[in-house]
Each structure stands twice: as C-alpha cells, then as structure tokens.
2 protein chains.
Amino acid sequence: MDKQTVTIYDVAREAAVSMATVSRVVNGNPNVKPATRQKVLDVIDQLDYRPNAVARGLASKKTTTIGVIIPDLTNSYFSELARGIDDVAMMYKYNIILTSSDENHDKEMQVIDNLSAKQVDGIIFMGNQITDELRTAFDRTHAPIVLAGSVDPKHQVPTVNIDYVAAVTEAVSNLINRGNKRIAFVTGSMDESINRDYRLKGYKQALSEARIGFDDGLVFQTDYSYKAGYKLAKALQDVKATAAFVGDDELAAGVLNGLTDAGIRVPEDFEVITSNDTRFTEMTRPRMSSITQPLYDIGAVSMRLLTKLMNNESINEQTVVLPYGLKKRTSTK
Amino acid sequence: MDKQTVTIYDVAREAAVSMATVSRVVNGNPNVKPATRQKVLDVIDQLDYRPNAVARGLASKKTTTIGVIIPDLTNSYFSELARGIDDVAMMYKYNIILTSSDENHDKEMQVIDNLSAKQVDGIIFMGNQITDELRTAFDRTHAPIVLAGSVDPKHQVPTVNIDYVAAVTEAVSNLINRGNKRIAFVTGSMDESINRDYRLKGYKQALSEARIGFDDGLVFQTDYSYKAGYKLAKALQDVKATAAFVGDDELAAGVLNGLTDAGIRVPEDFEVITSNDTRFTEMTRPRMSSITQPLYDIGAVSMRLLTKLMNNESINEQTVVLPYGLKKRTSTK
DNA sequence: AGCAATCATGAAACCGCTTACTAATAATAT
DNA sequence: ATATTATTAGTAAGCGGTTTCATGATTGCT
C-alpha cells in the first residue's frame with residue numbers, strides 16, 4: 001500500500017558498502033574510489049533513492065530552507081521583491097518558506113518563532129515597523145536576517161533598499177519645480193517608519209529647500225489600496241492641493257482614477273507621482289510618473305547577502321543601498 | 001558565543017521527569033498528571049524551550065509543511081489564489097514552501113521531487129499543463145496533491161476551479177448578443193490545456209450556438225503580459241475584429257490600452273471582456289468587464305481540501321467547482 | 001483488605017542521515 | 001623489504017524528538 005521509502009541503509013546493503021560511503025557519494029565527498037562511487041550511484045538509480053531532507057537537516061543542522069516574511073503577497077511591490085528573492089534562492093538551492101504577516105505585529109513575532117522552530121538557515125524580512133520587540137525576536141533566532149525593501153532606522157539589521165529620503169525629495173522637488181505649492185503627501189500609516197522617518201522627511205526637505213511651509217492638512221494616511229486612494233480624491237480637492245506624492249502604486253492608481261472620475265484633469269489640473277514603479281504605472285491613463293526602484297534587484301541582492309551571512313562570509317557593508325531614479329510618464333506635466 | 005539550544009532533554013532533567021513526559025505535555029497528551037504538567041510547563045517557560053520542528057518531523061513523519069507550486073508570483077491571478085491558500089494553511093498551522101515554476105515543465109518536475117525530499121505533507125499545484133510525466137511525478141510523491149485554479153483534463157487529480165467552458169461561453173455569447181460577429185480570442189499558449197480544451201471550447205460553443213463560423217485568424221496566442229497585449233492592438237484591427245475575449249487581465253489591460261492608444265474607442269468601436277476579475281479590472285479606463293471568479297476561495301478551498309486529504313478524511317468530490325459570474329464594467333457596451 | 005482496572009511515568013527503540021574517529025588498504029619513501 | 005604517509009571505507013555516536021511497551025502508582029469495587 002504505502003510506497004516503501006528507501007533509505008540510505010537500503011542502498012548501503014544493496015551496494016555492499018557502509019551507509020557512510022553512500023552518504024559520501026550523495027554529498028559529493030571526494031574520498032571515494034571512483035569504482036565504488038559508480039557502484040553506489042547505480043544502486044541509487046536502480047532503487048530510486050532520494051535522501052530525506054528532514055533527516056539530513058537534523059543531522060547536519062542545515063535545512064537549506066530560508067524563511068521569507070511578506071506583508072502582502074498580492075501587493076506588486078512585495079511580490080516583485082519576492083521574485084528576486086526566489087530566483088536567487090533557487091540559484092543557491094534554497095527553498096523558501098513564505099509567510100504572510102499582514103503587517104500585523106503579533107503575527108510577525110509569531111511567524112519568526114515559527115520559522116525559527118523549523119530551523120530555517122536564514123530569514124528575509126519585509127515590513128516597515130522594526131520595533132524593539134521585533135529586534136529581540138530577531139536576536140532570539142539563530143538564523144541570520146536581512147531586511148528587503150524595508151528600513152531599520154537604527155541600522156542594526158542588514159538591509160537592502162534605496163535612499164528613500166533622497167528619492168522622495170527629488171520627486172517632490174520635481175513637482176515643486178513646475179510650480180506646485182500645495183502638494184499632498186499620501187501614504188500608509190505614519191506608524192511605519194518608512195513613512196514617518198523617511199518619506200515624510202524627504203517631503204519636508206523638498207519643501208524647505210523651496211521655502212514652502214509645511215502644512216499638516218496636506219498629509220494623508222490611509223491603507224495601501226486602490227479603494228482608499230479612490231476615496232481620497234474629494235479630500236484632495238478640499239485642501240486645494242494641485243499635486244500629490246503617493247507612497248504606493250495601487251494607492252496612486254486609486255487617487256488618479258478618483259480624481260479623473262471627479263472631473264479633474266491629470267496632469268493639467270493635478271499632478272500625481274508615485275513611488276514603486278510597478279506594472280500598475282503603465283496601465284492607468286494617464287500613465288503614472290514614479291520613483292523607479294530596482295525591485296527585482298532589491299530582492300535578489302537581499303538573498304545574495306543572506307547567503308553570505310549564512311556562510312559566515314565577511315560582509316563589506318551591512319546595508320546596501322541600490323540606485324533609484326525618476327521616471328516621467330503622463331501623470332505629471 | 002553560539003546560543004546554546006535547549007533540548008527536550010534539558011527540560012526533562014530540569015523538571016526531573018523523563019523526556020517522554022515532556023514530549024507528552026508539549027503535544028497536549030492528556031495522560032499527564034496536572035501537577036507534573038505544570039511543573040514541566042514552568043521549566044519550559046523558564047528555559048525558553050522551543051521544540052525543534054525538524055527533529056519532530058523526522059520522528060513523527062509529519063512536517064506540518066506543504067508545498068505550493070506557482071507559475072508566477074507576480075501574476076495577480078495566482079497571487080490571489082496564494083492568499084487564500086496561505087490564510088487557510090495558517091489556520092490549520094501549516095507552513096508553506098512556495099516555489100515558482102515559471103510554467104517551465106522541467107522545473108515543475110524538479111520542484112516536485114524537491115518538495116518530496118523535504119517531506120512536505122501535501123502539495124498544491126497551480127499550472128495549466130498536467131502532462132503524463134507530471135502525473136508520474138505526482139504519483140512518486142507520498143504527499144497528496146490538489147490542483148488550484150487549474151485543470152486536469154483527465155480528472156485524475158483533485159482539483160478546485162470553476163466551469164471554464166461555461167464561463168467563456170457565457171462571456172462570448174454576451175459579446176455576440178450585442179451584435180459582434182468577429183470576436184477575437186486572445187490567450188496564452190494553446191499548449192496549455194486550459195486554453196486549448198476549455199476556453200477555446202467555450203468560445204467555439206458560443207459561436208456555434210449563434211451559428212457563427214469559426215475563424216482561425218481570430219485566435220491569438222501570446223504570453224500573459226501587458227506588453228504582449230499592447231502589441232496586439234494592430235493585429236486585432238487587421239483582422240477586423242470588433243471585440244475580444246481575453247484570458248488574462250494584464251494581457252487584457254494591454255489590449256485595451258493598445259487599442260485606445262491607437263485611437264480605437266472602447267467600448268464603442270471595440271469591446272473587451274477579460275477572465276479573472278483581478279484588481280486590474282478596476283484600474284484601467286474604461287474599466288474591464290470580466291468573468292468573475294472567487295479567486296481567494298479557490299485557493300482557500302484547495303487548501304481545505306488538501307487538509308482533508310492529508311488526514312485521510314473521506315472526500316465527497318475530488319473535484320470542486322466553484323461558481324463564476326459575469327461582471328459588466330465599461331469595456332463592453 | 002484484596003484484586004482488577006486505570007492512570008501516570010519511564011526506558012529504550014527508532015526516524016534517516018552526517019560525521020568524527022578508527023581501521024584497513026594502497027602508495028611512496030627510505 | 002620496511003616504515004611512513006595517503007586514501008578509502010567502516011563503526012558508531014549523535015541530531016532532537018515520538019512512540020511503543022513495560023512498570024509502578026492509584027483508584028475503584030466487592
């Protein structure tokens with residue numbers, strides 16, 4: 001009934017060698033005479049033997065599995081990162097245990113412990129609120145951790161991202177340069193440090209460089225969804241904004257369409273610039289101008305960095321900052 | 001230096017009981033005197049003991065981990081399914097090893113063996129070409145498998161999806177009813193049975209019901225991307241189509257925008273209907289009419305079904321077909 | 001009080017593999 | 001030919017749990 005699993009022991013017996021030898025050939029250990037190796041290989045083939053990765057993990061204390069914590073799988077920003085992670089992980093023969101955190105702090109904590117129990121060799125974390133509690137959870141874990149496309153204000157955890165402050169400054173300055181004085185700042189919750197400590201900082205910096213006063217009323221916090229953006233259109237008019245910087249592309253698409261549907265012409269009467277340069281930017285009409293980020297690369301580099309950490313290789317920089325850009329499309333003049 | 005991992009053995013010693021007892025309390029086995037249980041619990045707490053899931057997996061032959069094979073993480077269709085899977089998996093305390101197949105057949109095979117080696121308790125497979133080779137790979141695996149949002153023409157593998165033939169028939173008939181005679185059929189490769197055996201069948205059925213001849217020239221195979229759709233606009237005009245049924249939302253968005261940018265008015269001069277009702281449908285202008293599918297539910301139900309299979313519970317139906325609908329938006333008249 | 005039935009615990013085998021450490025064989029040097 | 005050094009291969013001790021089986025402690029019942 002139940003397919004008999006064939007173990008290393010069976011192979012050893014059949015090939016008339018010890019299990020140690022089988023283990024050696026399976027792991028490519030050179031200390032095996034070619035003839036013996038071939039004999040074992042033949043038996044392996046014949047018996048269709050496949051090493052049990054769990055047993056191997058227990059014995060070797062390496063699972064060749066890493067954990068990836070992602071706030072929202074369906075958010076293009078994160079899924080693009082994940083793709084980069086995935087490709088490189090595959091390249092290095094690692095499997096990925098993917099877990100959603102829903103940006104929920106308790107879940108994040110729980111998930112880390114869970115991954116830890118599963119003995120993952122490393123963890124890639126995406127999420128924008130590195131609390132101290134989270135840090136202690138990181139510390140409890142044996143596995144090295146890297147942050148992908150996220151920020152650690154305290155610069156304690158290895159991280160791969162872009163210079164968000166500079167990017168936002170540039171984006172907003174760009175808006176200012178075309179005469180906009182009342183520029184809305186639209187993002188997710190200010191509890192997230194990427195918004196509070198980075199994007200907002202960039203926004204303020206651009207304003208101050210242009211000697212424009214900061215107006216609290218122009219700051220909008222909402223969730224990262226199309227709907228939320230769509231609903232914001234009215235409020236944006238109420239505060240007499242003539243442009244908006246938006247922290248997420250779906251949110252921006254909502255803003256854009258909400259505005260358009262309300263009869264506001266973009267970009268003639270209102271300019272919109274967004275942040276992540278995901279595929280959404282090309283789909284809307286007008287197409288959305290955006291900060292550009294090497295999304296795939298952020299993921300890929302994170303994973304690469306993690307492999308180094310897992311191998312105890314020396315690292316030059318804990319934090320790697322990738323280049324960003326600005327792409328003009330048709331939602332800005 | 002290296003944080004000393006505390007094992008069940010340490011707990012046993014400290015609590016002055018045997019490891020068997022510790023194991024019992026950890027696993028909620030009722031055969032433990034309350035006083036003993038409490039004592040052990042205290043020590044566990046005090047030592048911050050966390051069971052090693054790998055060891056547990058080896059001993060119990062259950063890893064509480066399932067494998068999920070996904071063609072493309074960044075495709076909304078699949079990521080929505082994945083979210084459903086993920087939620088239910090979490091509910092049942094399963095972790096997910098997520099692997100991309102890139103629709104690559106060899107990779108799919110390899111990935112299945114790999115998951116199998118990792119001793120996953122079950123597998124959810126998304127992908128639209130269930131070859132016989134793949135079937136044998138499925139068979140080799142001890143773990144039960146269910147197909148999510150995919151089709152098995154031979155109905156051998158447990159599957160959760162919708163009635164694609166009926167859905168497409170309805171969508172195309174809808175187009176026909178408004179006078180369209182030359183309706184393009186735009187999807188991915190005809191190698192995928194979902195296109196060849198289901199969607200195309202529905203398309204032809206609608207035509208034949210309306211006594212419209214089938215024209216090969218109206219069938220377009222391309223890849224599921226915005227760009228591919230965008231480029232198709234010209235060809236669509238060349239064959240004098242007045243409407244299109246499209247098998248993927250991003251692809252449809254491309255078609256739509258390509259048409260619009262070429263000066264064709266949608267829906268006045270050309271109607272477009274798409275298939276997956278993902279978030280893209282709301283973002284384009286005009287908004288895309290679509291077949292609606294309970295994406296999240298397909299994922300969720302698949303996972304639920306898998307849990308039953310993993311527990312050897314009796315199953316009513318191997319194949320569960322969820323309801324679909326048709327949503328009129330503004331890309332159709 | 002005496003004996004069976006039930007409950008709580010421990011001893012030890014086992015899960016399938018890795019990895020010292022050791023032994024045997026082969027190669028090289030003297 | 002003998003001693004010395006490499007190569008190959010085997011032995012066995014874990015890795016950290018689960019689980020069967022046996023045993024001792026309790027409880028129930030007559």
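Here is how names work: the chains are called A, B, and so on, in the same order as the sequence lines, proteins then strands, and each is numbered from 1.
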Item to complete: Answer yes or no: is there a donor N or O on one side and an acceptor on the other, between the side chain of A/Asn52 and the main chain of A/Val54, under 3.5 Å?
Response: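 Side chain of A/Asn52 to backbone of A/Val54, a donor-acceptor pair under 3.5 Å: yes, one is there.
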Practice prompt. Kindly say whether A/Leu305 contributes a backbone atom to a donor-acceptor pair with the side chain of A/Thr307 at under 3.5 angstrom?
Written response: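 No, because the side chain of A/Thr307 does not come within donor-acceptor range (under 3.5 Å) of the backbone of A/Leu305.
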Just how far, in rounded Å, is [atom2] of [N] from [atom1] of [X]?
{"X": "A/Asn29", "N": "C/dC17", "atom1": "CG", "atom2": "C1'", "result": "14 Å"}
{"X": "A/Asn27", "N": "C/dG16", "atom1": "CG", "atom2": "C1'", "result": "13 Å"}
{"X": "B/Asn31", "N": "C/dG10", "atom1": "CG", "atom2": "C1'", "result": "13 Å"}

Would you tabulate the pairs of protein nitrogen or oxygen atoms and nucleotide nitrogen or oxygen atoms of nucleotides 23-28 of chain C closer than 3.5 angstrom?
none

Partner residues of [X] under the side-chain hydrogen bond (donor to acceptor under 3.5 Å, both in side chains) criterion, sequence neighbours left out:
{"X": "B/Glu192", "answer": "B/Tyr224"}
{"X": "B/Asn104", "answer": "none"}
{"X": "B/Arg13", "answer": "B/Asp10"}
{"X": "B/Thr65", "answer": "A/Lys118"}

Practice prompt. Could you name each residue pair satisfying salt bridge (Lys or Arg N to Asp or Glu O under 4.0 Å) that touches residues 51-65 of chain A, not counting sequence neighbours?
Written response: none
Practice prompt. Sort and list the pairs that fulfil salt bridge (Lys or Arg N to Asp or Glu O under 4.0 Å) and have at least one residue in residues 17-28 of chain A, not counting sequence neighbours.
Written response: none
Show me the donor-acceptor pairs, under 3.5 Å and distance only, between side chains in residues 130-138 of chain A and residues at least two apart or in other chains.
from	atom 1	to	atom 2	distance (Å)
A/Thr131	OG1	A/His105	NE2	2.7
A/Thr131	OG1	A/Leu134	N	3.0
A/Asp132	OD1	A/Arg135	NH1	3.1
A/Asp132	OD1	A/Lys154	NZ	3.0
A/Arg135	NH1	A/Ile130	O	3.4
A/Arg135	NH2	A/Asp152	OD1	2.2
A/Thr136	OG1	A/Glu133	O	2.7

Item to complete: Go through residues 34-45 of chain A and report each residue with a non-hydrogen atom lying under 4.0 Å from DNA chain C, sorted by number.
Response: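 Contacting residues: none.
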When the side chains of residues 36-45 of chain B are checked against the rest of the protein, which donor-acceptor pairs come out under 3.5 Å, sequence neighbours left out?
from	atom 1	to	atom 2	distance (Å)
B/Arg37	NH2	B/Asn29	O	3.2
B/Gln38	NE2	B/Asp42	OD1	3.0

Discussion item. So, taking the atom named OH in B/Tyr94 and the one named CE in B/Met303, what distance separates them when rounded to the nearest 0.5 Å?
Written reply: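 One gets 6.5 Å once the value is rounded to the nearest 0.5 Å.
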Worksheet item: When rounded to the nearest 0.5 angstrom, what distance separates CZ in B/Arg304 from CD1 in B/Ile85?
Response: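 The CD1 atom of B/Ile85 is 15.0 Å from CZ of B/Arg304, to the nearest 0.5 Å.
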Taking only N/O atoms, report every protein-nucleotides 10-16 of chain D pair under 3.5 Å with atom names and distance.
from	atom 1	to	atom 2	distance (Å)
D/dG10	OP2	A/Ser18	N	2.8
D/dG10	OP2	A/Ser18	OG	3.2
D/dG10	OP2	A/Thr21	OG1	2.8
D/dG10	N7	A/Arg24	NH2	3.4
D/dG10	O6	A/Arg24	NH2	2.5
D/dC15	O3'	A/Lys61	NZ	3.3
D/dC15	O2	A/Ala59	N	3.4
D/dG16	OP1	A/Lys61	NZ	3.0
D/dG16	N2	B/Ala55	O	3.4

Practice prompt. Could you pull out the closest heavy-atom pair between B/Thr63 and B/Asp121, with the gap in Å?
Written response: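 B/Thr63 and B/Asp121 have their closest heavy atoms at N-OD1, 3.1 Å.
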Discussion item. Taking only side-chain N and O atoms of B/Ser23, does any of them lie within less than 4.0 angstrom of OP1 or OP2 on D/dG17?
Written reply: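 Answer no for this pair, as no side-chain N or O of B/Ser23 is under 4.0 Å from OP1 or OP2.
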Worksheet item: Between the two end axes of the helix from C/dA1-D/dT30 to C/dT30-D/dA1, each built from 5 base pairs, what angle do you get to the nearest 10°?
Response: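 Axis-to-axis angle, ends of the helix: 40°.
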